[in-house]
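By convention in this document, chain letters (A, B, ...) are assigned in the order of the sequence lines, proteins followed by strands, and residues within each chain are numbered from 1. Hydrogens, waters and symmetry mates are skipped; everything else that's a heavy atom, side chains included, is used.
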Amino acid sequence: MSFKKRNVNCGQLLPEYVGSDVILNGWASTVRDLGGLIFVDIRDRYGITQVIFEPENNPALAEKAKEIKSEYVVWIQGIVRLRSNPNQNMATGLIEVLATDFGIINRSELPPFPVEDGIETSEEIKLKYRYLDLRRPELQKKFIIRNQLYQIIHEYYNSNGFLEVETPVLMKSTPEGARDFLVPSRINKGRFYALPQSPQIFKQILMISGFDRYMQIVKCFRDEDLRSDRQPEFTQVDVEMSFIDMEDIIDVTEGFFVKVWQDILGIDIPNPIRRISYAEAMSKYGSDKPDLRFGMEIYHLNEGLEHSEFKVFQDVIASNGLIASINIKGGASLSRKQLDDFTLYAKKYGAKGLAWMKFVDGEINSPIAKFLTEQEINYIKRNNYVAEGDLVLISSDKTERTLTILGALRLEAARRTGIMETVKNKYEFLWVIDFPLFEYDDETGRYYAMHHPFTSPMEADFHLLDTEPGKVRAKAYDIVCNGAEIGGGSIRIHDNKIQQIMFDKLGMSESEIEDKFGFLIKALKFGAPPHGGIALGLDRLVMILSGTDNIRDVIAFPKTTSGLSLMDGSPSDVEISQLHELGIDLLKKND
RNA sequence: GGAGUUGUAGCUCAGUUUGGUUAGAGCGUCUGCCUGUCACGCAGAAGGCCGCGAGUUCGAGUCUCGUCAACUCCGCCA
């Protein structure tokens, strides 16, 4: 099928083109046939241009134009002229193209759903016909932002002396942390590669090789359950630097975010970005990635309630737990049903119950008021800065759980009361620092590396390694924006002796270490510079920049919540012969 | 692994609480009319395995059980 190639796109025609003879290529967006006079909007990724067919000008052409239907691919030749009725709502709204010739390049099947901007269909259909969904300008905008971001990343890191190096996608499986995706080896039957959860080990090795400053925009893979902000394959901006300390990484990263927000959104973000410790984040916001666009801090109440007659509080105090609260300003107007919903929500995070206190007309309305003394109630009011009309939610449990519950309720309350809506155009960055090096797992009764086992402990806490490993802080840092973790990193251990101590503490045997990380341990013995780095979540960054709360909007071909790609039908069955070739056909025997 | 929400026309949804004649609307599609629209308008028509499978019942879109899928969340995500 021959067509006349465009000499302009659908977004560029402005009044200065009036009189030009132009050719447009694109999709017919809408066709408005007024009975003779026909308007056709032609769309491509650059914009929409109105084409007009006039019978008095060319009756045969106008008659033929009736064949054009929505989503047909066409070429149109015509003369640019000013519109008699301009449309101020579109960039090209001052002009129109009077058609002198056209051709239908491709007729479209009936689209299974309207692809016009602003019309949302079910996720299932959008993903099955992803190519149609991606025709929507609204979605294309997000990929234009994503592309802008790629350019800034390369420009910024390149100008700061970073080398981009590609690391392997087929690598050794290291079953610590997330589940690996495995790839069978045909040449070495019965053995498997893994897809990288991150290029962590390779970038450390590049430092040992003397690359000094490395970066890569890299796909990472984790075989874990999906969420609205989690896909099994996602993209990181991976960075590593030598002969540096934490401040250098933070500096470089802050410079990056300043530039991104300036270039893409035209917003100056504070530099330096504020920092809070992990302990403070947990204590005040019940989260290691607090959303600081609004207040609603958590208030600790043990002190004033330690002699309470209330059995629930007594038990928590006795077991060294925590009683704490948040104050939902003006929340007293919430209905009993809405309060029950909060309780239900809290239970998802392991709460056994949730106490509430409404303060209306100078009175207290609360199921637990009868168990508390006036003094205790005043204590709660004072510590929550209660004003008339407020609602205080009190949780009491093991310290960590109380904080997690209130942290979750804080966010939920912000969503339900509309606070979240009022802050949606704000950007609050922060560094969370002073992470614990280890976290204790009750189930297995041992310590695990909170970040990963190559994270350096703080020198100041070395002496606690043997006595109180739980209190050792790591040289690790996360960067958080609006309650989303958009990056994290650490200073690595470059001293093999300390690395050995770490493995000891993690209860890993000599052979286990050798088997899993032997090559890194060996490499560290050949002169490792002090080094560290960070990995930034590119998809989540695009989400924030483009104002969506779903990661599927910023990945061209995403998977469903159950890990399926509805468009191409993966994962799919394969031929027995393929399995045989790979030496894994035993798995298929029972089919 | 667990919980919740949803599944009815090509698309978005109503109808399910309280089972009952021929399952509705808007958009889209098709036909006709229409020369300044821009989500054009007007008139008409076609279009349904009520996700799938069992069950209860004289009778199921509606009730029960199972199952599949999408979404959201908990667990999980060093």
No-H, no-angle donor-acceptor pair, A/Arg81 side chain to B/G36 base, under 3.5 Å: yes
What about A/Arg227: does its side chain form a donor-acceptor pair under 3.5 Å with the base of B/C71? no
Distance (rounded to the nearest 0.5 Å) between A/Ile205 CD1 and A/His531 NE2: 9.5 Å
Could you work out which one of B/G36, B/C38, B/C73 sits closest to the side chain of A/Arg32? B/C38
Can you tell me the distance, in whole Å, between the NZ atom of A/Lys289 and the P atom of B/C77? 14 Å
The answer to which of A/Thr561 and A/Glu439 contacts RNA chain B further toward the 5' end, by nearest nucleotide, is A/Thr561
SB check A/Arg81 A/Glu54 (cutoff 4.0 Å): yes
When all nucleic acid strands are considered with a 4.0 Å heavy-atom cut-off, which category describes A/Asp549: base, sugar-phosphate, or nothing? nothing
Calculate the interatomic distance between A/Asp33 atom CG and B/A39 atom C1'; express it in whole Å. 16 Å
Quick note, A/Glu56 side chain, CB onward, closest among B/U72, B/U35, B/C71 is B/U35
Got A/Cys10 and A/Tyr46 here, is their nearest side-chain heavy-atom distance under 4.5 Å? no
Rounding to an integer number of Å, can you tell me how far A/Tyr349 OH sits from B/U72 P? 14 Å
Once hydrogens and angles are ignored, does a donor-acceptor distance under 3.5 Å link the base of B/C71 to the side chain of A/Arg552? no
Identify which nucleotide among B/C74, B/C38, B/C77 has an atom closest to any side-chain atom of A/Arg230, counting heavy atoms from C-beta outward. B/C77
Checking contacts here: which listed nucleotide (B/C71, B/C76, B/G36) is nearest the side-chain heavy atoms of A/Gln50? B/G36
Quick note, A/Asn550 side chain, CB onward, closest among B/A69, B/U72, B/C74 is B/U72
CG of A/Leu139 to NZ of A/Lys142: how many Å apart, nearest 0.5 Å? 7.0 Å
Dump the intermediate steps for side-chain contact (heavy atoms from CB on, under 4.5 Å) on A/Leu322 and A/Leu403, then the final yes or no. CA-CA 8 Å; A/Leu322 176 68; A/Leu403 292 171; 3.6 Å; yes
Rounded to the nearest angstrom, tell me the gap between atom CG in A/Leu344 and atom P in B/U5. 10 Å
When only distance counts, do a donor and an acceptor, one from the side chain of A/Arg222 and one from the base of B/C77, lie under 3.5 Å apart? no
Among B/U37, B/A70, B/C77, which is the nearest nucleotide to the side chain of A/Glu96? B/U37
Could you check whether A/Ile38 gets within reach of a base, just the sugar-phosphate, or nothing at all, counting any heavy atom under 4.0 Å? nothing
Using a 4.0 Å heavy-atom cut-off across all strands, classify A/Thr174 as base, sugar-phosphate, or nothing. nothing
